[in-house]
Amino acid sequence: MAHTAMSGDGTTADDDPLQTAVWRLRSRACWADAAALLEPASPDAALQRASLLVERCLYTEAGWEEAEDALRTAEALAHSDDDRGAAACERGYLAYAATLFGVRDRADEARAALGRAAALLPPGAAGRALLDFRRGLIAENLTRSPQAARAAYRRAHAGATAHADPLLLSGTWRHLAGLALREGELAEARHGFAESLRIREELGYLVGTAPALVSLADTETEPEASRLRDEARRLFRLLGGVPTWLSRHLTPPAPGAATA
């Protein structure tokens with residue numbers, strides 16, 4: 001569940017103080033505080049604010065109305081095709097999240113919004129890699145088409161590499177590894193999950209580190225698997241139980257419970 005973190009978004013030492021502060025709050029699961037630092041007076045600021053609140057929905061399964069309001073503001077301020085395409089990409093991502101978590105079935109809206117984004121963002125544009133990644137998520141988790149998902153993730157992976165977008169790259173590594181694991185390609189999966197974890201740790205993206213630890217643990221043997229899950233539990237508690245959907249992967253089996 002990645003979102004773009006290109007240069008200028010607070011992930012490098014020479015970024016401006018505002019973006020650095022936004023990134024630090026975002027990476028520690030403080031999306032509302034990060035969004036509060038941004039005055040939605042320009043298309044870029046409005047879009048960034050909306051993207052933060054949409055991401056919060058993905059990690060907390062809450063805050064849907066705030067995200068909708070911020071997204072409507074970003075859509076109203078969008079003037080160029082790039083602005084409109086980026087806003088449509090966020091619209092599709094929010095609709096995807098609502099469908100994924102059973103809030104409301106908005107799968108058709110998600111596909112339509114990402115289709116609009118594809119028509120507005122030319123191949124090679126900076127936002128195209130993120131769009132490809134999100135189309136992969138829909139193919140994997142809503143359409144249940146792993147082949148289409150893999151193709152989209154590979155396009156996103158190439159785009160994230162070309163545009164030096166490390167956080168998105170951590171997402172493409174993670175989801176390509178997940179597909180490999182389901183096909184029994186253990187070595188490939190372990191490599192992908194390890195790369196995803198490495199990038200997130202280097203960026204200091206704490207909120208995304210626990211899921212990366214759990215995924216890598218699924219490819220390891222004991223005692224390394226337990227060590228990774230214990231570290232994930234520590235981070236999960238530190239961040240107040242975020243991401244919410246990770247809890248079912250961290251709950252130890254009851255004493256005497258049968259395990260597969």
Side-chain angles (χ1 to χ4, degrees), residues 1-7 9-13 15 19-35 51-63 93 97 100-101 130 133-134 137 141 153 156-157 160-161 164-181 188-252:
M1 302 199 176
H3 181 67
T4 188
M6 292 177 286
S7 178
D9 284 351
T11 58
T12 58
D15 288 333
Q19 289 301 327
T20 298
V22 168
W23 168 253
R24 286 176 177 168
L25 289 166
R26 174 191 175 193
S27 66
R28 288 159 176 77
C30 300
W31 295 278
D33 292 338
S51 72
L52 288 167
L53 296 175
V54 170
E55 184 175 83
R56 180 177 65 169
C57 295
L58 265 290
Y59 279 88
T60 68
E61 302 176 59
Y93 197 40
L100 184 70
F101 293 128
L130 182 62
F133 178 73
R134 290 173 174 176
L137 292 175
N141 297 316
Y153 292 148
H157 192 85
T161 301
D165 189 342
L167 187 54
L168 180 55
L169 199 60
S170 81
T172 56
W173 274 120
R174 172 174 164 76
H175 283 270
L176 285 168
L179 293 176
L181 183 61
E188 181 182 344
R190 184 183 295 117
H191 174 70
F193 287 139
E195 284 297 297
S196 178
L197 175 61
R198 177 187 62 78
I199 293 170
R200 292 180 180 197
E201 288 181 332
E202 287 177 356
L203 291 173
Y205 190 55
L206 289 182
V207 74
T209 299
L213 287 163
V214 170
S215 293
L216 184 58
D218 289 341
T219 69
E220 296 285 359
T221 57
E222 297 297 347
E224 180 65 6
S226 288
R227 185 194 70 78
L228 291 166
R229 289 193 181 94
D230 286 345
E231 178 63 12
R233 287 189 194 95
R234 185 188 70 80
L235 277 175
F236 182 72
R237 290 193 297 268
L238 179 69
L239 295 173
V242 176
T244 52
W245 42 263
L246 191 62
S247 61
R248 63 182 177 270
H249 299 286
L250 292 172
T251 305

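The shortest non-hydrogen separation linking A97 to L58 is CB-CD2, 3.1 Å. Scanning all heavy atoms of the two residues, the minimum distance from L239 to V207 falls at CD1-CA, 3.6 Å. Scanning all heavy atoms of the two residues, the minimum distance from R229 to L250 falls at O-CD2, 4.0 Å.
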Under the side chain to side chain contact (heavy atoms under 4.5 Å, CB included) rule, what do Y153 and F133 come out as? Steps first, then yes or no, please.
CA-CA 5 Å; Y153 292 148; F133 178 73; 3.8 Å; yes
Dump the intermediate steps for side chain to side chain contact (heavy atoms under 4.5 Å, CB included) on L130 and D165, then the final yes or no.
CA-CA 9 Å; L130 182 62; D165 189 342; 5.8 Å; no
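For the pair S170 (side chain) and S196 (backbone), a donor-acceptor distance under 3.5 Å is absent. A donor-acceptor contact shorter than 3.5 Å links the side chain of R200 to the backbone of G208. For the pair S247 (side chain) and T244 (backbone), a donor-acceptor distance under 3.5 Å is present. With hydrogens and angles ignored, the 3.5 Å screen pairs a side-chain donor or acceptor of R190 with a backbone N or O of T219.
Annotation: side chain of L228 is in contact with side chain of E224 (closest heavy-atom distance under 4.5 Å).
Ring pair W245/Y59 is tilted by interplanar angle, where 30° to 60° counts as tilted. Aromatic ring pairs are classed by plane angle as parallel below 30°, tilted from 30° to 60° and perpendicular above 60°; the pair W23 and Y205 is parallel.
Ion pair D230/R233 flagged as a salt bridge, since at least one NZ, NE, NH1 or NH2 atom sits closer than 4.0 Å to an Asp/Glu carboxylate oxygen. Taking a cutoff of 4.0 Å between a charged side-chain nitrogen and a carboxylate oxygen, R227 and E231 do not qualify as a salt bridge.
A distance of 10.0 Å separates CG of L181 from CD of E188, quoted to the nearest 0.5 Å. Once rounded to the nearest 0.5 Å, the distance linking OG1 of T161 with CG of L169 reads 4.5 Å. Atoms SG and CG, from C57 and L52 in turn, are 11.5 Å apart once rounded to the nearest 0.5 Å.
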